[in-house]
Amino acid sequence: MIDMETMNVDINQEKKIPGSLDQLFIITKYELLNYFRSRRFLILLIIGLIIDLLLTGIIGYYRPQSFLSSSLSFYSGWVGNSITFIIILSAIFFGGDSISGEFQNKTGFFIASRPIRRSSIYTGKWIASFIASFLIIIIFLAITIANGVYYFGASVPYQLWDALAFSILYLAAVLGFAFFFSSLFKSSAYSIIVTVILFLFAFTLIQFIVSSLVGIEPWFIITYASGIISNIFTVPFPPHVVTTVTHLGHGRTLTTTTYNATISEGLIIMAGYFIISTLLGLFVFEKREFN
Amino acid sequence: MDENVIEAINLTKKYGSFTALSKLNLNLSGSKCVGFLGPNGAGKTTTLKIFTDLIRPSSGQAMINGVNVQSNKKKALSDCSALIETPEIYPSMTVREALSLVAELRGVPRSERTSQIEEVVAEVKMSDWLDKNVGKFSKGMKQRVNIASTLIGNPSIILLDEPTSGLDPRGMAEVREIVKSLKKKDRLIFMSSHLLNEVADVCDEVAMIDHGKLLAYGPLEEITDKFSTVDDSAEAQFSRPIDESINSQISRIDNIVSVEKIDSRTVKIKYTGGLKSQEYILATLAGMQIGLVGFKSSSTRLEDTYLNLIKETL
Ligand SMILES: Nc1ncnc2c1ncn2[C@@H]1O[C@H](COP(=O)(O)OP(=O)(O)OP(=O)(O)O)[C@@H](O)[C@H]1O
Ligand SMILES: [Mg+2]
């Protein structure tokens, strides 16, 4: 039995519900616990480690010149090519069904009917996804650096830290987006599929069409902004606009234009995506009904 | 002393052109259990969901202790817990972890958390499962954990949507006991149910709803007196066979309408006058020294009330 005697004493005292910020971190804590328990974290960690191990093995065995000519090209080849992929996978794993799953599996009812603001639930879950993804990225980078130190010694180029900082902002933007779709759909599968399609295919495709064929700078595409993560390793930084004229014979030429986001442009686009998608997602979640 | 109050003011919920809840006005207060009755689709869950901000009313207000749930959910629910339908708990969490989450959210002090979790889990008879993952639990076991979660933090107001659904007979009886013990301790419980005997057993008042409209609300006795066309009845069991003379002795007790023999040791008594006369009849029977060993009132009047009211709106 509950201790009814003591309950009678304090029954009409104000029940002290923790502040919204405290509640937010409680949600974060249990969400992280859930990631670790449900093996989501483990699976993604294994994917990250497999990429690391493949690169370690291939570089160690084939000694490709493209990687080993300088420490900058080493980190460029390793991080530049895989970090955005890992970020996108993390966002899909941790964010893709974060909110939609709460509706589909009815787990949302367990928490949403308690004295807690919805924004605390949303933000708490968001931060948990961010921390989990960040851990994966750090572990991935640790192995990268271990390899780099083996080939080039302890001096890590500053571009790697820049790339890490850009990656963190990119992660925030991609997670914001994943959370937005996750609160838009009631089915986990839909929200995950939409996020996958957008980030792995659609954005790059639109980016290509807009810049190469139409000749407009794709400043509104987030994957365009994420180009700064790999471009930072190129010295000097690639020019903003590259126009290539291809001679097709018979005096005809094809002009294609490639754009590279400048660093400040990339950061602004990513920050914009982060802020707008997070606010929209929060707004949608606040309005959603638990049916 | 502050009273526990749940108040619906012109509460309306529309889904497109369909009205699930229509201008519900209800004011519940004090320490008691109010049964919420109505057929499938009547609007019971809709009402309770609005009170926990799971859905928003199209118009009207839901107030808990004077605080509007829609504009200040956290404050409104600070002393109120709810179990709506059967929520799922993260499958990879243990019962202890799931309840710790609730305890932390409700601000149960760290020093009391463990003991409180163990107490509420004992109350729903799940102590052996405290550190097991919820994922593989049966529906009834999950429901027990859900019920335990509503007791965390000792809220004064508890909303329950068919709390015994999915429970085995013993589980149902246990939940009824929990509800009874709660209302003795200054709790206001608002509970929807399809089980009329359950409502007759634990509830002091009933609210009946159909097609989103409130049909009746008041003390159980008053409502049944008003709408039931049958008499109260009870079955009395005796350790010895009942002969004709005893039978006629029984039928001469005040307020008894008829006595009908079911078998040699059991009679069915019909009577008027509600709980008061039930109490009197039971005392008299016991005083007659004729071997009374059991007395079970049946809920036919509530059932009759229900059928009369619900039929009327079709
Ligand atoms: N999301 C929704 N969209 C449309 N109609 C809905 C929605 N949710 C509920 N309804 C309708 O609202 C009405 C009331 O439903 P509610 O769940 O409140 O009934 P109930 O009294 O709890 O019934 P039951 O006893 O079966 O649990 C039903 O007719 C239902 O179909
Ligand atoms: Mg219902």
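For the numbers below, each heavy atom of this structure counts, side chains included, while hydrogens, waters and symmetry mates do not. Every chain is numbered from 1 and lettered A, B, ... according to where its sequence line falls, protein lines coming before strand lines.
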Top contributor to chain A interface from B:L101, B:I84, B:N146, B:N133 [non-hydrogen pairs under 4.5 Å]: B:L101
Identify which of B:E85, B:E118, B:K49 forms the greatest number of heavy-atom pairs closer than 4.5 Å to chain A. B:K49
Kindly check if the number of other-residue, nucleotide or ligand heavy atoms within 6.0 Å of OH (A:Y190) is above 12? no
Contacting region of A:N34 [heavy-atom separation from chain B under 4.5 Å]: both
One should read off an interatomic distance between B:M93 CE and A:Y30 OH, to the nearest 0.5 angstrom, of 7.5 Å
Under 4.5 Å from any heavy atom of chain A, what part of B:T45 do you find: side chain, backbone, both or neither? neither
side-chain contact (heavy atoms from CB on, under 4.5 Å) evaluation trace for A:S38 with B:Y90: CA-CA 9 Å; A:S38 64; B:Y90 288 138; over 6 Å; no
Need one label for A:S120: side chain, backbone, both or neither, based on atoms under 4.5 Å from any heavy atom in chain B. neither
Are the side chain of B:E88 and the backbone N or O of A:K106 linked by a donor-acceptor pair below 3.5 Å? no
Return yes when atom NZ of B:K180 has more than 12 non-hydrogen atoms of other residues, nucleotides or ligands closer than 6.0 Å, and no otherwise. yes
Report which part of B:E97 has an atom under 4.5 Å of a heavy atom belonging to chain A: side chain, backbone, both, or neither. both
Cut-off 4.5 Å, heavy atoms of chain A, and the answer for B:A98 is both
Please state whether the side chain, the backbone, both or neither of B:V102 comes within less than 4.5 Å of a heavy atom of chain A. side chain
State whether the number of non-hydrogen atoms from other residues, nucleotides or ligands found under 6.0 Å of A:R117 atom CZ is greater than 12. no
For a side-chain contact (heavy atoms from CB on, under 4.5 Å) check, start with the C-alpha distance between B:L105 and A:I27, then their side-chain angles and the critical distance, and finish with the verdict. CA-CA 8 Å; B:L105 286 181; A:I27 295 289; 4.3 Å; yes
To check you understand the geometry: which heavy-atom pair defines the closest contact between B:K74 and A:I17, and what is its length? CE-CG2, 3.6 Å
Close approach to chain B in residues 107-115 of chain A, criterion heavy atom under 4.5 Å: A:T107, A:F109, A:F110, A:I111, A:A112, A:S113, A:R114, A:P115
Within this structure, what is the OG-CZ distance for the pair B:S92 and A:R40, rounded to the nearest 0.5 Å? 9.5 Å
If you check every heavy atom in residues 273-291 of chain A against those of chain B, which residues fall under 4.5 Å? A:E286, A:K287, A:R288, A:E289, A:F290, A:N291
